[in-house]
Protein chains: 2
Amino acid sequence: MAFARKEEFAQKEIDLADFAKALAHPARIAILTALAEKRECICGDLVVDLPLAQSTVSQHLKILKDVGLIKGTIDGPRSRYCIDWKVFEKYRSQFGLWAEKMTKFRQDLCC
Amino acid sequence: MAFARKEEFAQKEIDLADFAKALAHPARIAILTALAEKRECICGDLVVDLPLAQSTVSQHLKILKDVGLIKGTIDGPRSRYCIDWKVFEKYRSQFGLWAEKMTKFRQDLCC
DNA sequence: ATCGTATATCGTGCTTATACGATAATAACA
DNA sequence: TGTTATTATCGTATAAGCACGATATACGAT
């Protein structure tokens with residue numbers, strides 16, 4: 001972005017935003033859901049299920065992999081992906097704590 | 001994006017992605033946190049706290065407002081914003097249910 | 001009426017995201 | 001070795017996001 005001011009925020013805010021950004025596309029939500037339900041998936045399976053080209057799916061997988069939410073292994077000619085639950089739970093808990101803290105301040109009086 | 005294929009996904013996936021996108025910048029995380037803690041904020045207060053120009057803060061506020069997470073009222077020469085808790089809780093619960101369902105399938109055997 | 005303050009919006013430049021086809025790379029198999 | 005199947009990467013085009021300054025707007029105060 002123009003001039004990246006993101007570094008000037010608190011690390012906690014950056015982490016939450018990174019997690020959110022990884023989830024900020026329905027295809028990636030769908031991919032994560034599929035990986036959870038099937039426990040593991042080869043790329044081709046996902047391509048069939050999603051309304052996207054193979055290269056685009058691969059790109060979304062890379063985004064999820066870069067943020068650590070999934071990991072992949074090579075299995076013969078194909079790639080096998082699955083969720084890295086430790087990372088998923090780390091982010092989920094981080095978000096949960098933030099949201100909980102948010103609602104502690106809740107007051108419906110304003111505006 | 002190139003050709004918006006997002007409409008071809010399930011509504012639940014789109015909703016979750018929209019929520020995530022709204023949170024996908026540390027400035028917006030910071031804004032929401034500040035609004036919760038102070039219960040209400042005028043735009044100027046936020047501009048002071050954030051390392052961003054006034055117009056940029058206003059832009060982030062608009063994004064949060066468009067997705068419904070905050071609402072604003074005019075108060076004399078300034079704008080007063082606060083969190084729309086009904087919407088916040090709706091999204092939070094939606095995400096919580098999704099994450100919970102995800103972890104139900106958790107198995108650490110793969111990869 | 002004029003001035004000052006606060007905020008939203010416009011215009012602009014740059015970066016990132018999304019999507020695809022084409023190609024490269026890798027491995028199983030004939 | 002050559003072929004096929006699967007996936008990643010490259011190149012490219014378009015859209016969206018981010019950031020800013022400048023300007024417009026709205027209101028209160030002088």
Side-chain angles (χ1 to χ4, degrees), chain A residues 1-9 13-14 17-31 34-35 40-67 70-82 111, chain B residues 1-9 13-14 17-31 34-35 40-67 70-82 111:
Chain A
M1 47 250 48
F3 288 106
R5 283 293 169 82
K6 292 186 183 172
E7 293 80 8
E8 305 181 30
F9 289 90
E13 291 159 357
I14 296 175
D18 285 343
F19 178 47
K21 189 181 290 186
L23 304 181
H25 194 290
R28 296 197 287 274
I29 298 284
I31 288 173
L35 289 183
E40 63 179 11
C41 265
I42 57 172
C43 178
D45 293 345
L46 296 168
V47 174
V48 176
D49 290 340
L50 298 174
L52 297 169
Q54 178 267 323
S55 57
T56 307
V57 173
S58 212
Q59 217 168 26
H60 283 300
L61 285 168
K62 181 167 165 38
I63 291 169
L64 290 171
K65 201 172 158 191
D66 285 346
V67 79
I70 66 174
K71 46 189 175 178
T73 52
I74 298 169
D75 177 25
R78 60 201 97 190
S79 287
R80 203 172 285 282
Y81 286 98
C82 66
C111 285
Chain B
M1 47 253 46
F3 285 107
R5 283 292 169 81
K6 293 187 182 171
E7 292 79 11
E8 303 179 31
F9 289 89
E13 292 160 354
I14 295 174
D18 284 343
F19 178 48
K21 189 180 292 185
L23 304 181
H25 194 289
R28 295 196 289 272
I29 299 283
I31 287 173
L35 290 182
E40 64 179 9
C41 266
I42 58 172
C43 179
D45 292 345
L46 296 167
V47 174
V48 176
D49 289 341
L50 298 174
L52 297 169
Q54 178 267 326
S55 57
T56 307
V57 173
S58 212
Q59 216 168 26
H60 284 301
L61 285 168
K62 181 167 164 41
I63 290 169
L64 290 171
K65 199 172 159 192
D66 285 346
V67 80
I70 66 174
K71 47 189 175 178
T73 52
I74 297 169
D75 176 25
R78 59 202 99 194
S79 286
R80 201 172 287 281
Y81 286 98
C82 64
C111 285

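Reckoned from all heavy atoms, side chains included, excluding hydrogens, waters and symmetry mates. Quantities reported herein were computed from a predicted structural model and do not represent experimental measurements.
Of the inter-residue distances, the one linking B:Ile14 atom CD1 with A:Ile29 atom CD1 reads 11.0 Å to the nearest 0.5 angstrom. One finds the CD1 atom of B:Ile74 at 6.0 Å from the OG atom of B:Ser79 (value rounded to the nearest 0.5 Å). Taken from CG in B:Asp18 to CG in A:Leu23, the straight-line distance is 12.5 Å, to the nearest 0.5 Å. Atoms NE2 and OG1, on A:His25 and A:Thr56 in that order, are 9.0 Å from each other to the nearest 0.5 Å. Between B:Leu52 atom CG and A:Glu8 atom CD the span is 7.5 Å, to the nearest 0.5 Å. Here the straight-line distance linking atom SG of A:Cys41 with atom CD1 of A:Ile70 works out to 10.0 Å at 0.5 Å rounding.
In this structure, NZ of A:Lys21 is placed 17 Å from P of D:dA16, rounded to the nearest angstrom. The distance from atom CG of A:Leu46 to atom P of C:dA19 is 15 Å, rounded to the nearest whole Å. Here D:dG17 presents its P atom at 14 Å from CG of B:Leu23, a figure rounded to the nearest Å. B:Ile70 places its CD1 atom 13 Å from the C1' atom of C:dT7, with the value rounded to the nearest Å.
Secondary-structure stems of DNA chain D, taken as three or more successive Watson-Crick or G-U wobble pairs (i with j, i+1 with j-1) under a 3.5 Å distance threshold, comprise C:1-30 with D:1-30.
When all heavy atoms of B:Tyr81 and B:Gly72 are compared, the closest pair comes out as CD2-CA, 3.7 Å.
OP1 or OP2 of D:dA19 sits under 4.0 Å from a side-chain N or O of B:His60.
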Which pairs, protein N/O on one side and nucleotides 4-11 of chain D N/O on the other, fall under 3.5 Å?
from  : atom 1 : to      : atom 2 : distance (Å)
D:dT7 : OP1    : A:Cys43 : N      : 3.3
D:dT7 : OP1    : A:Gly44 : N      : 3.4
D:dT7 : OP2    : A:Gly44 : N      : 2.9
D:dT7 : O3'    : A:Ser79 : OG     : 2.9
D:dA8 : OP1    : A:Ser79 : OG     : 3.3
D:dA8 : OP1    : A:Tyr81 : OH     : 2.3
D:dA8 : OP2    : A:Ser58 : OG     : 2.6
D:dA8 : N7     : A:Gln54 : NE2    : 2.9
D:dA8 : N6     : A:Gln54 : OE1    : 3.1

Could you list the donor-acceptor pairs under 3.5 angstrom formed by side chains in residues 58-65 of chain B, with sequence neighbours left out?
from    : atom 1 : to      : atom 2 : distance (Å)
B:His60 : ND1    : B:Arg28 : NH1    : 3.0
B:Lys62 : NZ     : B:Asp66 : OD2    : 3.3

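Using a 4.0 Å heavy-atom distance criterion, A:Leu52 is classed as a sugar-phosphate-only contact.
The residue among A:Ile63 and A:Ile74 whose nearest nucleotide of DNA chain C is located toward the 5' end is A:Ile63.
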